[in-house]
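Notes to accompany the following structure.
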Amino acid sequence: MSSADDIARRARMTAAQGDTSPSTPVARPLQQVAGDPGEDDEVWSLERGLIDEGIGLQVGEVTWTRDDLHER
């Protein structure tokens with residue numbers, strides 16, 4: 001089993017050969033999971049347009065009071 005120092009050294013060597021950072025191979029799968037931050041901006045832009053147009057959620061009549069929600 002390799003020590004953490006050996007793994008870090010091999011990661012630095014591999015990154016240097018590929019002219020990249022050792023964190024790049026770690027970041028790639030995380031980016032796939034997290035998605036493109038630009039997508040969030042696009043979704044928010046669409047949402048803002050709906051809000052500005054007055055098209056929003058209709059949640060119905062409020063049938064509760066604040067005290068009802070915070071009753072202990």
Query raised in the report: Just by distance, do the side chain of D52 and the backbone of G49 share a donor-acceptor pair under 3.5 Å?
Result: no
Report summary line: Taking every heavy atom of S21 against every heavy atom of A15, the minimum-distance pair comes out as C-CB, 3.6 Å
Query raised in the report: At what distance, to the nearest 0.5 angstrom, does CG of D41 lie from CZ of R48?
Result: 13.5 Å
